[in-house]
Asker: 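Mind having a look at this structure? Questions to follow.
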Amino acid sequence: MAPRNKFRDLDDFVPTISDSENEVPDLDDSEDESLQKMVPKASSNNKTKKKLKEATIVDEDVHEDLNPGFKFDLEGSEVTAGFDGWAFDGDKKSDEANRDVDLDGIIRRKGGLIKIAGTENSENEAESQDEQESENEDEDAIEEESVMENQAGDEDEDEDLALDGFGMGASGETKADSEDEENGSGSEESEPESEAHIPEQGSDGEADDSEEAKAEFYAPDEESSEAKKTVHTNFNSLSLSRPVLKGVGALNYVKPSPIQSATIPIALLGKDIIAGAVTGSGKTAAYMIPIIERLLYKPAQVTSTRVIVLTPTRELAIQVSDVGRKLSRFVSNITYGLAVGGLNLRQQEQNLRSRPDVVIATPGRLIDHIRNSASFNVESVEILVIDEADRMLEEGFHDELTEIMSMIPSKRQTLLFSATMNAKINQLISLSLKKPVKIMIDPPKQVASQLTQEFVRIRKREDLKPALLFHLIKKLDDFGQKRIVVFVARKEMAHKLRIILGLLGMKVAELHGSLSQEQRLGAVNGFKTLEVPVLICTDLASRGLDIPKIEFVINFDMPKTYEIYLHRVGRTARAGREGRSITFVGESSQDRNVVKSAIKSAEENNTQNTVVGRMIDWTRVEEINGLISNKEEVIAEILEEEKEEKDILRAEMQVRKGENLLKHKAEISSRPRRTWFQSEAEKKNSKYMQTMSKNKKTINSKKRKRIEATEDRSRSYKKTQKDRSTDQQRTYAKQKAKVDAKKKKNARK
Ligand SMILES: Nc1ncnc2c1ncn2[C@@H]1O[C@H](COP(=O)(O)OP(=O)(O)OP(=O)(O)O)[C@@H](O)[C@H]1O
């Protein structure tokens, strides 16, 4: 029989999974549990029901399965959805719905994706891999120099890597320079995809919490220092049950990471926790292990959702569910469910109907399911985890979190995990934590110790960046055996780079918010299997992406803040492995500040030797750029062709949608309308109000009236079923005409 949890004997054991009042059951015979607590009370959650009634009713999302895929508009700034790609394939759409433009096919037709003359480094030609590697090493030796070493006497202005980090004043103040930003990516048309909302650390303008406030809010400091002091050198000493230990062992975890060692015992005690540890330090298992351990003791007969894990992105949710399933693979009766946007709503509904023990959710979709999915409820939730808590509290999830808090029982255990934890007490209060134990591992502003950080100063060669990227990828891994993640600020750039590199013979994948669910899954899975070893992504993918062995992270565009930089480079050098980041540095103060912070942090942590400058053979890069310049026209043609194909696909989709509508009209109109938490306009307003209150600015009456007017407008008119039906028929007719015209045109070609 599996060992019992030693904490059960402790006086201060606070139960969360409802085994508490009774004897500890045997693992394989949990029928002697008290049932009452697990049975949802009929009278509970009146508040929820009231809110349900009051909820705004908007259009039914009856055709979400017919999503025609993403439209890539290089002129616009369309963002369709947050990232949700992960190793999840339980939610496949029909082949018809999956049809997508074959961009690689177009690139190939235009002469790309084959090795083209002039793109190979001379040293690579007709040489064995060994020979090439040794040459690369030689060249690397020339290319790399320590940023920390003063290159006195070297007058070459471009390659002079000075003690202060490219003459950028690294050892000076890291505060934003007062001078104007003169370059950077200001020439781009649209907003960066997701960076803007991540505030600079310490720049939130809120005063630090007073000592008295902290003493009142948090558990005594001794509890957290005691937890950190007691280092568990193996999982056995954490008093976990055998099936859990087997699950941990199957993942090859030998030793608990510091955050796991400190938090697992406290979580097993049922206490609330606020935990922070650097990215890649094993936070997911730090909360999943105690959850699984506690679920072992749940009553067998009653199915109910006992644990909710909230994450900001669908990708992270899917990843957490993956880790949970793996860790509990030797536990027979733990079930998981997902409630995340972007995946098939009806399939999720079906799954949630069985009331899985653990539901991993993004906030909006969770609210949707609580309101609209028959027989799913959260009345028996006993543990709530908020992953990436800092981001959740910062990024406009406030209203959703408040709503969720009002729906789940207040008698629960709450666990907050984050890579950084800047949230102030007044932000945390709404989460109704009970004397949380605060456990912060590692100084927050630090990269993994096995990470080598390289910087390349771009100066006025912004336009050479695509060529430089190609040159670097070839140098780092000409044989496609290593995974390289490239971060860019905008999805348009990710797309364009895919085409440019494709035309130079290099197949790469893109990952950003304008892709459909299937495209994202395809990109991530192809990258995981090394089918496509280079993944170009925006910051949507910079958090939570845990793919084993990413060797290199290239920051094609410098992130806005050092915090985002930490998240990006945290994709490599995970769990004690080695990794390398290469960052292109422009001349803007923003770029300089990130370099300064990296160097300063390395100095403080005595890891100066891990920050190096990379010197570049710019002549070679210029040559590659020449090849790219010759292809401007082809690039434009590819984009045009892609757009046309997308238009056709979309139009065909509309036609099918129209046909379906007509065919299933009666059934569709008989479905109950879904209710939504907030309309888009309400959400925008709410975010605006939050920003205003955060910035402590008062809104003048004019602005307030304008906001109220928008709010009223968004609520005053709701489409009727008839309106919708007329709209759809009109669209159907239009799209059909369009498709016919296109088909005719193509036939003439
Ligand atoms: N005790 C352990 N021993 C070895 N590897 C571990 C251990 N715990 C976790 N890992 C591995 O470390 C990697 C990072 O873990 P995880 O994604 O949970 O980190 P994280 O702190 O949540 O990162 P992020 O903040 O980026 O989400 C994963 O591949 C995970 O399997």
Side-chain angles (χ1 to χ4, degrees), residues 16 48 81-84 86 88 197 263 267 272-276 283-288 290-292 294-295 304-325 336-343 348 351-352 355-371 373 376-410 412-421 423 427-434 436 540 543-544 546 677-678 683:
T16 56
T48 313
F83 171 78
D84 55 358
W86 200 251
F88 182 79
H197 41 59
T263 53
D272 286 2
I273 294 178
I274 296 185
K283 292 186 289 292
T284 319
Y287 61 77
M288 280 316 300
I291 285 175
I292 296 164
R294 298 174 71 78
L295 282 170
S304 65
T305 296
R306 295 169 166 90
V307 181
I308 287 191
V309 180
L310 290 176
T311 73
T313 65
R314 301 165 222 174
E315 168 232 40
L316 198 52
I318 294 165
Q319 187 175 322
V320 169
S321 139
D322 197 38
V323 173
R325 282 170 210 269
Y336 292 87
L338 275 173
V340 296
L343 294 174
Q348 277 180 33
N351 172 238
L352 294 179
R355 300 186 180 172
D357 297 307
V358 185
V359 170
I360 299 135
T362 47
R365 187 57 83 91
L366 179 69
I367 295 173
D368 184 6
H369 280 299
I370 298 174
R371 291 183 167 192
S373 298
F376 170 67
N377 68 58
V378 288
E379 289 163 8
S380 310
V381 167
E382 299 180 23
I383 302 180
L384 171 72
V385 179
I386 306 183
D387 201 346
E388 297 277 8
D390 221 17
R391 183 173 173 190
M392 296 275 262
L393 290 161
E394 296 280 4
E395 273 186 32
F397 285 114
H398 177 264
D399 294 351
E400 283 92 339
L401 287 181
T402 312
E403 175 77 357
I404 292 168
M405 295 305 140
S406 75
M407 291 166 156
I408 59 176
S410 58
R412 59 159 195 270
Q413 179 181 26
T414 310
L415 308 172
L416 264 55
F417 278 78
S418 204
T420 50
M421 192 35 104
Q427 287 172 281
L428 298 167
I429 273 173
S430 61
L431 305 178
S432 26
L433 292 143
K434 284 166 226 67
L540 270 182
R543 294 188 189 224
D546 180 36
F677 174 52
Q678 281 178 323
K683 196 161 176 161

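In what follows, every heavy atom counts, from backbone to side chain, and hydrogens, waters and symmetry copies are set aside.
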Asker: For the atom pair CG (Asp272) and CG (Leu431), what is the distance rounded to the nearest 0.5 Å?
Answerer: 10.0 Å
Asker: Under 4.5 Å between any side-chain heavy atoms of Leu393 and Leu428, yes or no?
Answerer: yes
Asker: With a 4.5 Å limit on heavy-atom distance, are the side chains of Phe376 and Ile370 in contact?
Answerer: yes
Asker: Please report the shortest heavy-atom distance between Ala285 and Pro290, naming the atom on each side.
Answerer: O-CD, 4.0 Å
Asker: Are Val340 and Gln348 close enough, and set up right, to give a side-chain contact (heavy atoms from CB on, under 4.5 Å), and what steps lead you there?
Answerer: CA-CA 8 Å; Val340 296; Gln348 277 180 33; 3.9 Å; yes
Asker: Are Ser432 and Arg412 packed together at the side-chain level, in the sense that at least one heavy-atom pair is separated by less than 4.5 angstrom?
Answerer: yes
Asker: Side-chain contact, heavy-atom cut-off 4.5 Å: Val320 with Tyr287?
Answerer: yes
Asker: Rounded to the nearest 0.5 Å, how far apart are CD1 of Ile383 and CD1 of Ile408?
Answerer: 11.5 Å
Asker: Please tell me if the side chains of Val307 and Tyr336 come closer than 4.5 Å, counting only heavy atoms from C-beta onward.
Answerer: no
Asker: How long is the span from the CD1 atom in Ile360 to the CG atom in Leu366, to the nearest 0.5 Å?
Answerer: 11.5 Å
Asker: With sequence neighbours left out, write down each residue that passes side-chain hydrogen bond (donor to acceptor under 3.5 Å, both in side chains) with Asn351, or none if nothing qualifies.
Answerer: none
Asker: Among residues at least two apart in sequence or on other chains, which ones pass side-chain hydrogen bond (donor to acceptor under 3.5 Å, both in side chains) with Thr305?
Answerer: none
Asker: Under the 3.5 angstrom rule, does the side chain of Thr311 hit a backbone N or O of Leu316 as a donor-acceptor pair?
Answerer: no
Asker: Please check: side-chain N/O of Thr402 versus main-chain N/O of His398, any donor-acceptor pairing under 3.5 Å?
Answerer: yes
Asker: Which residue in the set Leu295, Val378, Val381 passes side-chain contact (heavy atoms from CB on, under 4.5 Å) when paired with Arg306?
Answerer: Leu295
Asker: Got a second to check how far Leu415's CG is from Lys283's NZ, nearest 0.5 Å?
Answerer: 14.0 Å
Asker: Which heavy-atom pair separates Asp387 from Pro312 by the least distance, and what is that distance?
Answerer: O-CD, 3.7 Å
Asker: Between Lys434 (side chain only) and Gln413 (backbone N and O only), is there a donor and an acceptor less than 3.5 Å apart?
Answerer: no
Asker: Check whether Arg365 reaches the backbone of Ala339 with its side chain - one donor and one acceptor, N or O, closer than 3.5 Å.
Answerer: no
Asker: If you round to the nearest 0.5 Å, how far is CE of Met392 from OG1 of Thr362?
Answerer: 8.5 Å
Asker: What distance do Ser430 atom OG and Ile404 atom CD1 have between them, rounded to the nearest 0.5 Å?
Answerer: 11.0 Å
Asker: State, yes or no, whether a side-chain contact exists between Leu433 and Leu416 at a heavy-atom distance under 4.5 Å.
Answerer: yes
Asker: Check whether any side-chain heavy atom of Leu401 sits under 4.5 Å from a side-chain heavy atom of Leu310, and report yes or no.
Answerer: yes
Asker: Any side-chain heavy-atom pair from Met407 and Asn377 closer than 4.5 angstrom?
Answerer: no
